[in-house]
Amino acid sequence: MAYVPPHRSRTEGSGDSSSSPVSSSRKGGDFFGHDDGNNSRDGYGSYGGNRGYGGNRGNRGYSGYGRGGRGYGEGYGQRDNGYGGRNGSYSRGDNKRYGQGSFTDGVHHPAPKNEKLERELFGDPAEEKAPSGINFDNYDDIPVEVSGEGTPDPINQFTSPPINELLLENIELSLFNKPTPVQKYSIPIVGSGRDLMACAQTGSGKTGGFLFPVLSSLFENGPSPVANEGNVFARRKAYPSALVLAPTRELAIQNFEEARKYAYRSWVRVCVVYGGSDINSQLRNLERGCDLIVATPGRLNDMLERGRVSLKNIRFLVLDEADRMLDMGFEPQIRHIVDGCDMPCAKDRQTLMFSATFPKEIQVMARDFLDNYIFLSVGKVGSTSENITQRILYVEDDEKKSSLLDILSATDDTLTTGLTLIFVETKKMADILSDFLISQNFPATSIHGDRTQSERERALEMFKTGRAPILVATAVAARGLDIPNVTHVINYDLPGDVDDYVHRIGRTGRAGNNGLATAFLNRGNRNVVKDLIDLLHDSNQEVPDFLSNIARESPSGRGGRGGRGRGRSTPYKDYRKYGGGNSGSSNWGSRSNGYGDNGYGYNNSSSGNGNGNSSYGSNNYSSASSSNSQWW
DNA sequence: AAAAAAT
């Protein structure tokens, strides 16, 4: 029986304050003050709506499990997940078996429409909605670069050639009517069986860029014929056909929620696993069938070790925000998942890697994980250009609080119409600042890695719904999260890297809407000043005099690291074509296996895991990454 | 330097 660490036996929701380790209002506090002994109005279990695993109340043990309409997708004929005794509680309550289709005799049988589930996934059709909030005209002049052998032509509509009919219906329910540039390319690329390395950011339609072609293929082709390993525990083991890895829990949840929409009525059952929340409910959910799994690396590895997930049926591997995962030191864990378990090798699966930037480490990972891939680089929609107004203010550290109050008071109309996202550099500052704002009667909450997972999820939900329209965040929210209606991003503390700055301000001005980005800067930030000035120039923004002055004070080259992504307005290049060009990286630059400058000699050198590349796999990379890790 | 991620 699965093991439950004592400290995790407390409830997942914040409903049971008696068992919560934090009972004062200090840490769990937000604008609404009290610590929510009973947050019935909250209704935010894990995945939006009030159905998350192990909801908010009464979920000691298993007794309350499965209540309240949580039943997305179970019960399609060929799947047998019932080992009777233990799961009596599953059948309790209104545990409706709706929404899941099946795939039998080589034919996909979508489930009938289900109004309740449809509302849950896509929202109430009665509410008027802007068509997905995206101004598609803004997509037309996005620079796109695509390269690689035999690159298929992009599509221009979802209907020519037509993608899977059920998928198309689900896309239409999501109010997308036209593919974004990344989708125009990714759909035929993946559809033709190729691997894809895509440089694209949130806001480019990246999630659909991988979910559409993957689900389309799964819908068409059905489950893998390799059913299981035939052992007695097999029914307790999940054999997903597709795996999506994401760097943060919130991003995993977001991908999961998107995938659920597009998988509606299909045979594909979507699950998500991530740390910080009860593993047992996640395991129980897997037992009910799992065809597409969205995961953060640590929790997935845990489940792999427990033998509760097998990757041998994987046909699609997606690495989302790959550069971020490397920044966070996930490379050993990712390599363990991809190379160290039972996942088919690169030639026997399709791999899609997405990354905002394309530094050397990512190129290396692409070479190791992808097979003869097509490289796609998509400039960001709007990005740092005219639809985000960037404002840099000179503010000393000890004046930041009062400046912030001035700004928030002066722009209080945005509080009613939009959301304000405030970035700080430390978790401590996130707490300090949100407490301060709350004490000043601003409806704020905070998200950072020291809050419990349920606090994090609740904070995000309060922010999204506008009940707490000010969110103080650390880097956990800097990338990937797609929160509509953020009208103002404030860099209370500037990040040390201008790439992070770009990601942060990209939380506003999404897809055609205007946004405002304010940053507090003082001499403590001089290391980013030069890059910042370049960026402001590139994006047609005013460069304040004090900024130029500070830049002149430090005559040395641009601070910090060398060789970071310059030329942000142009897409990243396919290094296979341009010969790498990285500064001093001996190991890489001197490679003789065709990645250098002889055009496309790369085609068959990337099968699997670095065979034929010994200099690389064992020196450079593994020593660097294993030094600070207890992982493999 | 800090953050994130299994416990």
Side-chain angles (χ1 to χ4, degrees), chain A residues 2-10 12 21 244-255 272-283 286 293-309 319-337 340-341 356 397 422-433 446-453 455-457 459-460 471-481 491-501 503-504 524-528 559-561 625-626 628-632:
Chain A
Y3 145 85
V4 186
H7 62 286
R8 293 242 52 90
S9 66
R10 68 172 195 264
E12 163 58 10
V244 178
L245 283 174
T248 66
R249 297 164 183 172
E250 281 74 16
L251 187 54
I253 293 168
Q254 182 177 293
N255 283 334
V272 62
V273 302
Y274 56 88
S277 92
D278 181 24
I279 194 172
N280 290 303
S281 50
Q282 292 179 1
L283 286 171
L286 290 177
I293 186 167
V294 185
T296 50
R299 177 56 63 90
L300 178 61
N301 265 319
D302 190 355
M303 292 185 166
L304 288 166
E305 282 194 333
R306 294 176 189 223
R308 301 296 296 272
V309 176
L319 299 165
D320 195 10
E321 303 274 347
D323 51 353
R324 180 112 177 93
M325 291 203 275
L326 293 199
D327 288 347
M328 288 166 59
F330 281 163
E331 182 159 1
Q333 298 185 44
I334 291 170
R335 287 196 179 259
H336 182 251
I337 291 167
C341 298
D397 286 343
I422 303 173
F423 282 107
V424 295
E425 275 298 273
T426 65
K427 295 179 275 199
K428 194 169 168 225
M429 184 56 79
D431 277 336
I432 291 171
L433 201 54
S446 71
I447 184 167
H448 63 72
D450 274 354
R451 301 200 77 187
T452 66
Q453 189 56 30
E455 285 172 335
R456 284 165 56 161
E457 287 169 22
L460 203 52
L471 179 67
V472 184
T474 60
V476 69
R479 297 194 190 199
L481 288 192
N491 275 287
Y492 188 89
D493 300 319
L494 272 166
D497 186 326
V498 78
D499 281 338
D500 290 332
Y501 171 82
H503 278 108
R504 290 181 179 186
N525 306 112
R526 66 168 70 81
N527 51 334
V528 294
R561 12 242 288 240
S625 58
S626 60
N628 61 350
S629 172
Q630 67 278 41
W631 277 82
W632 301 288

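Quick note on labels: first sequence line is chain A, next is B, and so on, each numbered from 1. Keep in mind that this is a model prediction, so the values were computed, not measured.
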Discussion item. Can you tell me which residue among A:T248, A:D500, A:D499 is in a side chain to side chain donor-acceptor pair (under 3.5 Å) with A:R479?
Written reply: A:D500
Establish, with yes or no, whether the OP1 or OP2 oxygen of [N] is under 4.0 angstrom from a side-chain nitrogen or oxygen of [X].
| X | N | result |
| --- | --- | --- |
| A:R299 | B:dT7 | yes |
| A:R504 | B:dA3 | no |
| A:K427 | B:dA4 | yes |
| A:T296 | B:dA4 | no |
| A:R249 | B:dA4 | no |
| A:T474 | B:dA2 | no |

Worksheet item: Counting any heavy atom closer than 4.0 Å, what does A:P247 reach on the DNA or RNA strands: base, sugar-phosphate only, or nothing?
Response: sugar-phosphate
Hey, does the side chain of [X] reach the backbone of [Y] with a donor-acceptor pair shorter than 3.5 angstrom?
| X | Y | result |
| --- | --- | --- |
| A:R249 | A:S277 | no |
| A:R504 | A:N491 | no |
| A:E321 | A:A356 | no |

Nearest whole angstrom, please: distance from the [atom2] of [N] to the [atom1] of [X].
| X | N | atom1 | atom2 | answer |
| --- | --- | --- | --- | --- |
| A:L251 | B:dA5 | CG | C1' | 13 Å |
| A:F423 | B:dA3 | CZ | P | 14 Å |
| A:H503 | B:dA2 | NE2 | P | 22 Å |
| A:L481 | B:dA4 | CG | P | 12 Å |
| A:M303 | B:dT7 | CE | P | 10 Å |
| A:D397 | B:dA1 | CG | P | 17 Å |
| A:M429 | B:dA3 | CE | P | 11 Å |
| A:R451 | B:dA5 | CZ | P | 14 Å |

Worksheet, complete the sentence: Residues at least two apart in sequence or cross-chain that pass side chain to side chain donor-acceptor pair (under 3.5 Å) with A:D320, listed by chain then number, are A:K206, A:N255
Discussion item. Closest approach to the side chain of A:D302, judged atom by atom: which nucleotide of B:dA4, B:dA1, B:dA6 is it?
Written reply: B:dA6
